[in-house]
Protein chains: 2
Amino acid sequence: MDLFVSKYFNKIDKKGRVSLPSSFRNILPKINKNEIILYKSIKTPSIEGCGVGRLKEIAKRINNLDFFSEDYDDFSSSIFSEIIPTNIDKEGRFLIPEELKKYAKIQNEAAFFGQGHFFQIWEPKIGLNNIESSRKRLLEEKKSLRTILTQQK
Amino acid sequence: MDLFVSKYFNKIDKKGRVSLPSSFRNILPKINKNEIILYKSIKTPSIEGCGVGRLKEIAKRINNLDFFSEDYDDFSSSIFSEIIPTNIDKEGRFLIPEELKKYAKIQNEAAFFGQGHFFQIWEPKIGLNNIESSRKRLLEEKKSLRTILTQQK
DNA sequence: TTCATACCCATTGACGCCCATATAATCCCA
DNA sequence: TGGGATTATATGGGCGTCAATGGGTATGAA
């Protein structure tokens, strides 16, 4: 499995350390296997993270936006300048920067949600509520959900 | 036969392990033959499962959506975070995650129902009742299998 | 010095791997 | 073709390993 999937709830210890779920660690490329990048989610009060390789993908997507649009400026400045490279220790733990912790209202426990090519870190209750709302929105638009889930190649 | 078909009733042992029916195991691709993915059924109190190949298809489709759209967020959080990859041991057994067991009210025995490209896991009595009601609904609405099978899209 | 962080070591519980057995299915040969 | 022998499947249990977590200490920057 080479995608970030599933949910994990890990504790943050006195020193501020938290384990990146083992299955997430295994997805990181062997080179840079002890580094992830973190940044504020644009649309939600959560932290997003991924391996360093993913950064290039994001850059490409932004670059495809119209260079003179407001979106371009907005994304470009809100993403790149906000990115925080972070090291993972030998036990697979890392420190969540204070600013990001505050942004996501995280205190003693962090919820890790797989999102395919990246993952999110939430305050557990807020995160679960958000998943609930996303799911409701999708179910209301049954047609698109069916298309994605049931299409055969 | 490369489809999940038929019904099986297997016991869950003290450690929580249950055998994936042999005929289901044989359908899994040789690569990834010891991994399945599980998730809550959207419409019924049951667990659905399939091989990892199917997930990659879905991931590809989601990734093709507009990266900055709400749909993208909704799909990725409702689908990827709900998916639970699970390993199958050498004897062909796996663990049903607690959360899913609770969702499907499964305790000591699990019913496996083939559904073609995926399968469902039910609490045996609930599952059998569901089949019964489905059958009744079909009869009451006087739909014949023939009607359904010959319908054009 | 003081604070922050990385490294090292320890603990606990869960899980994977291995081996064993019973029952069922299949095979094979006289 | 009958019946013993082999194989497959479902199931049970021991035990080592790993993931998550906690804490001590060294290192380095302010």
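Chain identifiers are assigned alphabetically (A, B, ...) following the order of the sequence lines, protein sequences preceding nucleic acid strands; residue numbering begins at 1 within each chain.
For a distance-only test at 3.5 Å, the side chain of B:Glu91 qualifies as a donor-acceptor partner of the base of C:dC19. If you check distances only, the side chain of A:Arg93 does reach the base of D:dG22 with a donor-acceptor pair under 3.5 Å.
Under the 3.5 Å distance criterion, the side-chain polar atoms of A:Tyr8 are left unmatched by any main-chain donor or acceptor of A:Leu20. Side-chain atoms of B:Asp74 do not come within 3.5 Å of backbone N or O of A:Leu138 as any donor-acceptor pair.
If you measure from atom CG of B:Asp13 to atom P of D:dT11, you get 9 Å, rounded to the nearest angstrom. Here C:dT23 presents its C1' atom at 14 Å from CG of B:Asn10, a figure rounded to the nearest Å. Distance B:Arg25 CZ to D:dT9 C1': 7 Å, rounded to the nearest Å. Across the protein-nucleic acid pair, B:Leu20 atom CG and D:dT11 atom P stand 12 Å apart, rounded to whole Å. As a whole-Å value, the separation of A:Asn108 CG from D:dT21 P is 12 Å. Atom pair A:Glu98:CD and C:dC3:P shows a separation of 16 Å (rounding to whole Å applied). Summarising the geometry, the separation between CG on B:Leu95 and P on D:dT11 is reported as 14 Å, rounded to the nearest angstrom. Per the geometry, CG belonging to B:Asn26 stands 11 Å off C1' belonging to D:dA8, to the nearest Å.
Distances shown here put a side-chain N or O of B:Lys14 below 4.0 Å from the OP1 or OP2 atom of D:dG13.
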| CA sep, side-chain torsions, deciding dist, call: B:Glu99, A:Lys7, salt bridge (charged side-chain N to carboxylate O under 4.0 Å, His left out) | CA-CA 11 Å; B:Glu99 189 194 349; A:Lys7 298 194 287 265; 3.8 Å; yes
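In B:Lys125, the NZ atom is not crowded: 12 or fewer heavy atoms of neighbouring residues, nucleotides or ligands sit closer than 6.0 Å. Around atom NZ of A:Lys102, no more than 12 heavy atoms belonging to other residues, nucleotides or ligands sit under 6.0 Å away.
Note on A:Ser19: a base of the nucleic acid sits closer than 4.0 angstrom, heavy atoms only. Within the 4.0 angstrom heavy-atom criterion, no nucleotide atom of any strand lies near A:Ile12. Residue contacts shown for B:Asp89 are absent, as no nucleic acid heavy atom lies under 4.0 Å away. Among the heavy atoms of the strands lying under 4.0 Å from B:Lys15 is at least one base atom, whether or not backbone atoms are also near.
If you find the closest nucleotide of DNA chain D to B:Arg17 and to B:Tyr8, the one lying nearer the 5' end belongs to B:Tyr8.
With the end axes of the helix from C:dT1-D:dA30 to C:dA30-D:dT1 each set by five pairs, the angle from one to the other reads 40° at 10° resolution.
The pair A:Glu132-A:Arg135 fails the salt-bridge criterion, with no side-chain N (NZ, NE, NH1 or NH2) lying under 4.0 Å from an Asp/Glu carboxylate O.
Contact annotation: the side chain of A:Leu28 approaches that of A:Ile88 to within less than 4.5 Å [non-hydrogen atoms, C-beta and beyond].
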